Amino acid sequence: MKWYCVFVFFTGLGFSTVARAQPADPGTCLEKGTVAQNKVVMVSQIATAFTLNALNQFETAQVYSNNMRVNVRSQGGKYRLYVAGELTLPSGVTTPIPLNNFTVTPTVISSNTPNNITLSTPALSGAYQLLTQRSNATNAAGDEYFFTIGLSGMNTYAQAPGNYTLKFHFRLCHY
Amino acid sequence: MRRPRATIPLNFTSDYAIIDMKLSRIIIYFLSISVFLSTEVKSQRYLSTSRTITLYKVLDVSLTNTSAVFDFSALTNYDNGIYKAGMITATVKANVPWKLTLTVSNNTLSPQITPTPMPASVIGIKASSAGTYTNVQNNTPFYVQNNRGLYTVPFDLRALPGFQYETQEYVGDFYFTIAEQ
């Protein structure tokens, strides 16, 4: 029983360590209210693979429209939603795709007070970048967004062929 | 004599039980922290999602040229040949190490009147940044190569036929082929 507990403890700690591999929080990042009433949730996703298989896809900016549908519920107060990127290279590859080749463009699908929302289109970075900001609390339904992903700057041909993994990190903060 | 022996193990067992209980509490305490941490991760103030970016192999070359003609209209042209710097420019787009090779149809320049062709080797070529011309021919073709990337490569050409060929127009098709190294 003792060893079982120890095993569960370290397993839990291991999971938590992996899951908490997030960029450092933005300067002001408060957490108000309960988790149930203040959360960011992925509602749906369209494509989880972006493929560049023809010359013109390297030459022109690629747009993955409405790629993610995300709900932000923030009944605890006004919020800011941040995004950051993390790229994993294919085995043996040393040149990354610059994170700032990717942009995230939010659009509001539904909100009880959309006029209180300010949108940004940040280029990705390893640090959190402001994506949306709302100047008051949401209702229980929250704000729903589409996120469109842009990819440009691939016409340098500096990156080797292969499968790169781009992880988007979103962070909900009160301010 | 046996009673003390019996007592000692009992005490020991008792102490061990106390220690065991404390350890269990500690474990449960840390387990709770661990569960809390995991729960906080799932608190959904954070959200992560991944995309796979698949890049396929790309190899492309396009050509521009300032001129396509060597016009031998003066004796000095025959004596010295005609040199055209940057006559052809290749734009290479490749995300793998590449090699660009020049070959010529039939290894000759076709005569437009008489049946006797001119060997393609009367034409010399070099990358503008290089010093030495290479005669154009298919057996050991001229090439340039480099690592992945976007490149603009200008070529200088030279025509040096001498006085051996009949007066007429000679035409040749030059093929630049790009391949992965």
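Note that the structure is predicted; figures quoted are calculated from it, not measured. Numbered from 1 within each chain, the chains take letters A, B, ... in sequence-line order.
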Would you give the length of the straight line joining atom [atom1] of [X] to atom [atom2] of [Y], rounded to the nearest 0.5 angstrom?
{"X": "Lys167(A)", "Y": "Ser50(B)", "atom1": "NZ", "atom2": "OG", "result": "5.0 Å"}
{"X": "Leu89(A)", "Y": "Ile53(B)", "atom1": "CG", "atom2": "CD1", "result": "12.0 Å"}
{"X": "Tyr56(B)", "Y": "Thr51(A)", "atom1": "OH", "atom2": "OG1", "result": "6.0 Å"}
{"X": "Asn53(A)", "Y": "Lys57(B)", "atom1": "CG", "atom2": "NZ", "result": "14.0 Å"}
{"X": "Tyr157(A)", "Y": "Leu59(B)", "atom1": "OH", "atom2": "CG", "result": "10.5 Å"}

May I ask you to test the [X]-[Y] pair for a side-chain heavy-atom distance under 4.5 Å?
{"X": "Arg51(B)", "Y": "Gln45(A)", "value": "yes"}
{"X": "Leu150(B)", "Y": "Thr156(A)", "value": "no"}
{"X": "Leu47(B)", "Y": "Phe168(A)", "value": "no"}
{"X": "Thr49(B)", "Y": "Met42(A)", "value": "yes"}
{"X": "Phe58(A)", "Y": "Asn95(B)", "value": "yes"}

Test of understanding: clusters of I, L, V, M, F, W, Y form through side-chain heavy atoms closer than 4.5 Å, transitively. Do [X] and [Y] belong to the same one?
{"X": "Val108(A)", "Y": "Val43(A)", "value": "no"}
{"X": "Val96(B)", "Y": "Tyr151(B)", "value": "yes"}
{"X": "Leu160(B)", "Y": "Phe163(B)", "value": "no"}
{"X": "Val70(A)", "Y": "Leu119(A)", "value": "yes"}
{"X": "Tyr175(A)", "Y": "Val40(A)", "value": "no"}

Heavy-atom proximity to chain B below 4.5 Å, by part of [X]:
{"X": "Thr88(A)", "result": "neither"}
{"X": "Ile149(A)", "result": "neither"}
{"X": "Glu86(A)", "result": "neither"}
{"X": "Asp25(A)", "result": "side chain"}
{"X": "Ala158(A)", "result": "backbone"}
{"X": "Asn155(A)", "result": "backbone"}
{"X": "Phe102(A)", "result": "side chain"}

Which heavy-atom pair separates Gly33(A) from Arg45(B) by the least distance, and what is that distance? O-NH2, 2.9 Å

Any cation-pi pair here, Arg171(A) with Tyr46(B), using under 6.0 Å and within 45°? yes

For the residue pair Thr52(B) and Asn163(A), confirm or rule out a side-chain donor-acceptor distance under 3.5 Å.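 Side chains of Thr52(B) and Asn163(A): no pair found under 3.5 Å.
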
Based on non-hydrogen pairs under 4.5 Å, which of [options] is most in contact with chain B?
{"options": "Leu87(A), Leu166(A), Leu172(A)", "result": "Leu166(A)"}
{"options": "Arg73(A), Glu59(A), Gln57(A)", "result": "Glu59(A)"}
{"options": "Ala84(A), Cys29(A), Pro90(A), Ala47(A)", "result": "Ala47(A)"}

Does atom OH of Tyr143(B) have more than 12 heavy-atom neighbours from other groups under 6.0 Å away?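 Not more than 12 within 6.0 Å, no.
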
For Thr54(B) and Tyr164(A): C-alpha separation, side-chain torsions, deciding distance, then whether side-chain contact (heavy atoms from CB on, under 4.5 Å) applies. CA-CA 6 Å; Thr54(B) 303; Tyr164(A) 299 71; over 6 Å; no

